[in-house]
Trainee: 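Below you will find the structure I want to go over with you.
Throughout, numbering of the chain's residues begins at 1 and tracks the sequence. Note that ligands are numbered from 1 as they come in the structure, with each ligand's atoms numbered from 1 the same way.
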Amino acid sequence: MTTINVIGLGYIGLPTSLILAKAGLKVVGTDYNKELVNILKKGEIPFEEKGIENLFNDAIKNKIEFSTNYYKTNMYILAVPTPYLSENKKLDPTYVITAVNNVLDVCEKDSIIIIESTISPGTIDKYIRPVIEDRGLQLGVNIHLVHAPERIIPGNMIFELEHNSRTIGVDNQNIGEKVKSIYSTFCKGEIVITDIRSAEMSKVIENTYRDINIAFANELAKICRHDNMDVYEIINIANKHPRVNILQPGPGVGGHCISVDPWFLVGDYPDLTNLILTARKINDSMPRHVLRRIRDIMREHNIGDISKVGLYGLAYKENVDDTRESPTLQLLERMDEHLASGVKVFDPFVKERIVDHQFMNFDDFLNEIEILVIMVGHDHIKQSFKKINKKLVLDTKNICDFEEAYKL
Ligand code: SAJ
């Protein structure tokens, strides 16, 4: 049986390697982070995710291995980070290129490299194919490149791994069928085989579509605030139309996907991306909108001291511990720019201190503040309403049912 070497054991690579092992395939998970590999070898899971413990146990039973070394085989799945450069919003393909080079050092003569990491359209042709052609030729290996972008949503990853449909971008149909047979060991959704460029593009536009739709909800929230209308009631009514499905406004868009991928299109097609750019700007403006709401509430209640304000939630969305690009971090950055500091912060999922004035205990946090700003709708806060109903609450996620709560 072919061994699959999954490279990068983060939010995508780890669940993917576990589900492949659970399905009975031979899997080696590789990560260059020694500490992470040691944690996994000890049987510990590095992040919180619904259902991951059971999956982990099943994978261990099926003898999954973890290592810092690349494994000699003919099938690789790359799930390494693809950060973007903040100065020009372009994708940084360094990790993918390094991983491909490391694979070339060990792989068998005829091998498949499946890239799951999100990449901007054209990345494979521009950066990866030349590496394969140059070094592959020198080393005498024949590599088949595949792009099978991941689609799972943090918070519901395990379910979605199994049930979402998948895209497999390939140069040749036979390789597509081979890869499809591997993904169908665990994926119950439709598996579509297409060309690499279409796979790259479809992934990026899926996240762009969501960004634009969230931006619409956020713009409605601003319009309704301006004229004192209830945006949630209005969206609720509009959504009863059979062809309308407006998303929910919020304090901003975070995470490593939706707030990042649309920039790839803006960066590559600056003259053709008016709508996409505007949507990005609207979503990026939401933390500032929250700041204005905080200022209004402080004025109304004669509170002059910003340290009486507490932000609940540092994660980018509910019930996850991932803080990448989170609206709360964006908001704190804005405050720093205006030399305002002292606002208190708490998140039950974030166990490390990553910002100033971050509390580790919810009651201590509440004792210090007068205004509570709900930035993330973790289940934890929903179960703590009794504790907060004496506070001034700015509920940016529309989860509080008490009358006096301020909304976006
Ligand atoms: N958000 C709103 N209003 C909404 C929905 C979301 O403000 O109505 C905010 C969230 O609070 C969060 C951000 O948007 O800050 C993004 O959250 P999300 O839950 O919409 O999506 P992600 O970033 O966790 O995952 C997305 C998913 N893509 C799509 O739904 C099109 C997921 O399927 C992808 O795999 C993932 O990006 C990725 O890795 O690309």
Trainee: If you count the atoms of ligand 1 from 1 in the order shown, which ones are under 4.0 Å from a heavy atom of Glu150?
Mentor: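 Answer, ordered by atom number: 35 (O), 38 (C), 39 (O), 40 (O).
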Trainee: Do me a favour and list the nearest non-hydrogen protein atom to atom 14 (O) of ligand 1 with residue, atom name and distance?
Mentor: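 Sorting protein heavy atoms by distance from atom 14 (O) of ligand 1 puts Ile214 CD1, 3.5 Å first.
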Trainee: Name the one of Arg166, Arg151, His147 that satisfies side chain to side chain donor-acceptor pair (under 3.5 Å) with Glu116?
Mentor: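 When side chain to side chain donor-acceptor pair (under 3.5 Å) is applied between Glu116 and each of Arg166, Arg151, His147, only Arg166 qualifies.
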Trainee: Give me the residue, atom name and distance of the protein heavy atom closest to atom 21 (O) of ligand 1.
Mentor: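 Checked against all protein heavy atoms, atom 21 (O) of ligand 1 sits closest to Ile258 CD1, 3.4 Å.
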Trainee: Identify all side-chain donor-acceptor contacts of residues 1-13 below 3.5 Å with residues at least two apart in sequence or on another chain.
Mentor:
{"from": "Asn5", "atom 1": "OD1", "to": "Tyr71", "atom 2": "N", "distance (Å)": "2.8"}
{"from": "Asn5", "atom 1": "ND2", "to": "Val28", "atom 2": "O", "distance (Å)": "2.9"}
{"from": "Asn5", "atom 1": "ND2", "to": "Thr30", "atom 2": "OG1", "distance (Å)": "2.9"}

Trainee: Pro249 to ligand 1: N or O pair under 3.5 Å?
Mentor: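 By distance alone, the answer is no.
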Trainee: Could you check atom 22 (P) of ligand 1 against the protein and tell me its nearest heavy-atom contact, residue, atom and distance included?
Mentor: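 Looking at atom 22 (P) of ligand 1, the protein heavy atom closest to it is Tyr316 OH, 3.6 Å.
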Trainee: Less than 4.0 angstrom from a charged side-chain N to a carboxylate O is my criterion; do Arg135 and Asp105 meet it?
Mentor: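 A salt bridge links Arg135 with Asp105.
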Trainee: Starting from atom 11 (O) of ligand 1, find the nearest protein heavy-atom neighbour and note its residue, name and distance.
Mentor: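 Nearest protein contact, heavy atoms only, for atom 11 (O) of ligand 1 is Lys397 NZ, 3.5 Å.
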Trainee: Under 4.0 Å from a heavy atom of Glu206: which atoms of ligand 1 are those, numbered in the order shown and with their elements?
Mentor: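 Checking each atom against Glu206, I get 31 (C).
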Trainee: Using heavy-atom distances, let me know which of Ser259, Cys257, Ala315, Gly155 sits nearest atom 38 (C) of ligand 1.
Mentor: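 Comparing heavy atoms across Ser259, Cys257, Ala315, Gly155, the nearest one to atom 38 (C) of ligand 1 lies in Cys257.
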Trainee: Got the closest protein heavy atom to atom 33 (O) of ligand 1, with its distance?
Mentor: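 Here the nearest protein heavy atom works out to Arg151 O, 2.7 Å.
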Trainee: Which option out of Glu160, Lys317, Met375 puts a heavy atom nearest to atom 10 (C) of ligand 1?
Mentor: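 Going through Glu160, Lys317, Met375 one by one, Lys317 has the nearest heavy atom to atom 10 (C) of ligand 1.
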Trainee: Is it true that Asp284 and Arg280 have a side-chain N and a carboxylate O under 4.0 angstrom from each other?
Mentor: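 Yes, charged N to carboxylate O under 4.0 Å.
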Trainee: Using a strict cut-off of less than 4.0 Å between a Lys/Arg side-chain nitrogen and an Asp/Glu carboxylate oxygen, indicate whether Asp322 and Lys317 qualify as a salt bridge.
Mentor: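 No, this pair does not count.
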Trainee: Of the backbone atoms (N, CA, C, O) and the side-chain heavy atoms from C-beta on, which set of Glu116 has a member under 4.0 Å from an atom of ligand 1: side chain, backbone, both, or neither?
Mentor: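 Near ligand 1, Glu116 shows nothing, with every heavy atom at 4.0 Å or more.
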Trainee: Can you tell me which residue and heavy atom of the protein come closest to atom 28 (N) of ligand 1, and the distance to 0.1 Å?
Mentor: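 Protein heavy atom at minimum distance: Asn207 OD1, 2.8 Å.
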Trainee: Provide, to 0.1 Å, the distance between atom 20 (O) of ligand 1 and the closest protein heavy atom, together with that atom's residue and name.
Mentor: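 Looking at atom 20 (O) of ligand 1, the protein heavy atom closest to it is Arg210 NE, 2.6 Å.
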Trainee: Among Gly254, Gly313, Gly377, whose heavy atom sits nearest atom 13 (C) of ligand 1?
Mentor: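 Heavy atom nearest to atom 13 (C) of ligand 1 belongs to Gly254.
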